[in-house]
Each structure stands twice: as C-alpha cells, then as structure tokens.
S.K.: 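Structure provided below as structure tokens; questions to follow.
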Amino acid sequence: MARGYWLLKSEPDVYGIEHLAGEPKQTARWDGIRNYQARNFLRDQVHEGDRAFIYHSQCKTVGIAGTARVVKAAYPDPAQFNPDSPYYDPKATEDKPRWFAIDIALDEVFDAVIPLKRIKQQAALEDMVLLKQGRLSVQPVTPEEWKEIHRLR
DNA sequence: GCCAACGTTGGC
DNA sequence: GCCAACGTTGGC
C-alpha cells in the first residue's frame, strides 16, 4: 500500500512538537480527537508507517513545526472511558468506542516553523485541506504537497 | 477577545 | 427528519 501523508494539528501550549521531542523514545499517543471527520480519517485511513506534519495552532507562530511517523494505527482512545479526563465521553462504551487514538514518533523538528502565511502564498499548495477547511484536526496531505512543503524549510 | 465556519443536538 | 440553537475550532 502506498504510504499516506497527513497533517495533525496541536496546540503547542497544551501539547506540541517540543513535548513529543521530550518523550521517552520521542513517541507519544495522539489522542483527544473529538471531531467526527477527523475521527474517521484516523480510524479508517491512517496506517502504521504513514507520515504526518505536526501543525501548531492557537499560538504565536501558527504553522508546520516538523514531522512524525505513525508507529501504531488507530485503537480506542482510553481517555473517553475515564470520567476524570477532559476527554471523557459518557456515551462511549468499551464495546462501542467512539473515539480513537494513534501512536506517533518524532521524525524531524524543523529549524523554524513554516508559517501558515507562507503556505498560503504558494500556488502549488492552494488546494491543501488546511486552507480549504478551517477546523479539521486530522487531514490528508498529497505526496506533492508533502514534497512542496519540505522545499519551504 | 472577536467572529466566521461548521458540526452536533434536541424540540417539534 | 427538519432546522434553529448551541458549542467548538482557529485565524487574526
């Protein structure tokens, strides 16, 4: 199967690429996704070995901060079953989990974040889901877009 | 902090 | 099953 490319959004104040870089083995669970469209991509289409951009939102420099690879495909997000978690979902059951998580490992931290502004200026990137649809925290990236963004580093 | 976009909820 | 109200996301 062809390798898939993705863009994963995070809020660096909560959990960003710096946190991932500080994890043991630089590996972490990517959880807390509570948007159905994002959930569907995660559950149905993200595979082990796929690559992803780590995107920082809601912060000073909004943009792509680096890359990671998927080391474990989707499994039920444990946080949905934990009443103490902010991601708790009383409607989710072990039999019928609603939300999913993946495990990712850091690949590269870019020397500088590639700002959203810069991405918007590239004609080759004008069709990126990132620019078409505002609020989607897991989204597909084409191989061409993947390459083009690496050129902007 | 504002506000637009958009998905979900819930009354009927 | 429609659709208005509501909540969340996310750039600025």
Side-chain angles (χ1 to χ4, degrees), chain A residues 4-23 28-47 50-70 73-104 106-142 144-153:
Chain A
Y5 297 101
W6 304 93
L7 184 146
L8 304 174
K9 288 187 184 174
S10 75
E11 298 177 31
D13 294 344
V14 180
Y15 192 97
I17 203 160
E18 302 301 333
H19 297 89
L20 182 58
E23 301 282 0
R29 170 182 294 151
W30 202 260
D31 61 1
I33 301 296
R34 294 294 182 270
N35 166 289
Y36 285 98
Q37 229 181 326
R39 188 277 310 269
N40 292 345
F41 280 128
L42 213 55
R43 183 189 57 189
D44 306 333
Q45 295 187 45
V46 177
H47 300 111
D50 283 359
R51 301 300 162 91
F53 288 125
I54 303 300
Y55 179 89
H56 283 175
S57 67
Q58 317 249 57
C59 59
K60 196 153 166 260
T61 309
V62 168
I64 295 174
T67 64
R69 63 184 184 280
V70 178
Y75 56 93
D77 181 350
Q80 69 194 307
F81 308 125
N82 176 7
D84 296 328
S85 167
Y87 298 121
Y88 177 62
D89 184 343
K91 291 181 183 161
T93 64
E94 306 265 351
D95 285 347
K96 283 200 164 177
R98 241 193 212 200
W99 307 111
F100 291 80
I102 57 173
D103 290 351
I104 61 170
L106 182 68
D107 260 345
E108 37 181 354
V109 179
F110 292 163
D111 294 337
V113 172
I114 300 172
L116 177 59
K117 218 178 186 177
R118 183 110 189 277
I119 294 168
K120 284 181 175 168
Q121 289 165 355
Q122 306 299 316
L125 297 174
E126 66 184 5
D127 290 330
M128 273 192 84
V129 177
L130 181 66
L131 307 182
K132 299 269 173 188
Q133 188 177 346
R135 306 161 309 127
L136 185 57
S137 48
V138 177
Q139 54 180 257
V141 171
T142 69
E144 292 74 24
E145 289 161 354
W146 182 265
K147 239 200 286 183
E148 185 65 24
I149 282 169
H150 276 83
R151 245 196 298 270
L152 297 180
R153 274 189 304 167

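In the text below, chain A, chain B and the rest are named by the order of the sequence lines, each starting its count at 1. Side chains are part of it too, since the values below use all heavy atoms of this structure and drop only hydrogens, waters and symmetry mates.
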S.K.: Which residue pairs pass the side-chain hydrogen bond (donor to acceptor under 3.5 Å, both in side chains) test with at least one member in residues 78-87 of chain A, sequence neighbours excluded?
M.R.: none
S.K.: Please answer whether the main-chain N or O of A:Ala101 pairs with a side-chain N or O of A:Asp77 as donor and acceptor at a distance below 3.5 Å.
M.R.: no
S.K.: Between C:dG10 and A:Lys9, is there an OP1 or OP2 to side-chain N/O distance shorter than 4.0 Å?
M.R.: yes
S.K.: With A:Glu145, which residues qualify under side chain to side chain donor-acceptor pair (under 3.5 Å), at least two apart?
M.R.: A:Thr142
S.K.: Side chain of A:Arg98, heavy atoms from C-beta onward: which of C:dG11, C:dG7, B:dT9 has the nearest atom to it?
M.R.: B:dT9
S.K.: Once ring-ring contact (aromatic ring centres under 6.0 Å, His included) is applied, do any residues pair with A:His47, and if so which ones, sequence neighbours excluded?
M.R.: none
S.K.: Please confirm whether the backbone N or O of A:Gly16 pairs with a side-chain atom of A:His19, one donor and one acceptor, at under 3.5 Å?
M.R.: yes
S.K.: For DNA chain C, which residues of residues 52-61 of chain A approach it to below 4.0 angstrom with any heavy atom?
M.R.: A:Tyr55, A:Ser57, A:Gln58
S.K.: When the ring centroid of A:Tyr75 is compared with that of A:Trp99, is the distance short of 6.0 Å?
M.R.: no
S.K.: For DNA chain C, find the residues of residues 111-130 of chain A with a heavy-atom distance under 4.0 Å and give them by number; none if there aren't any.
M.R.: A:Leu116, A:Lys120
S.K.: Calculate, to the nearest 0.5 Å, the distance between atoms CD and CG belonging to A:Glu126 and A:Leu131 respectively.
M.R.: 9.0 Å
S.K.: Got a sec, which residues hit side chain to side chain donor-acceptor pair (under 3.5 Å) with A:Gln133, two or more places apart in sequence or on another chain?
M.R.: A:Gln37
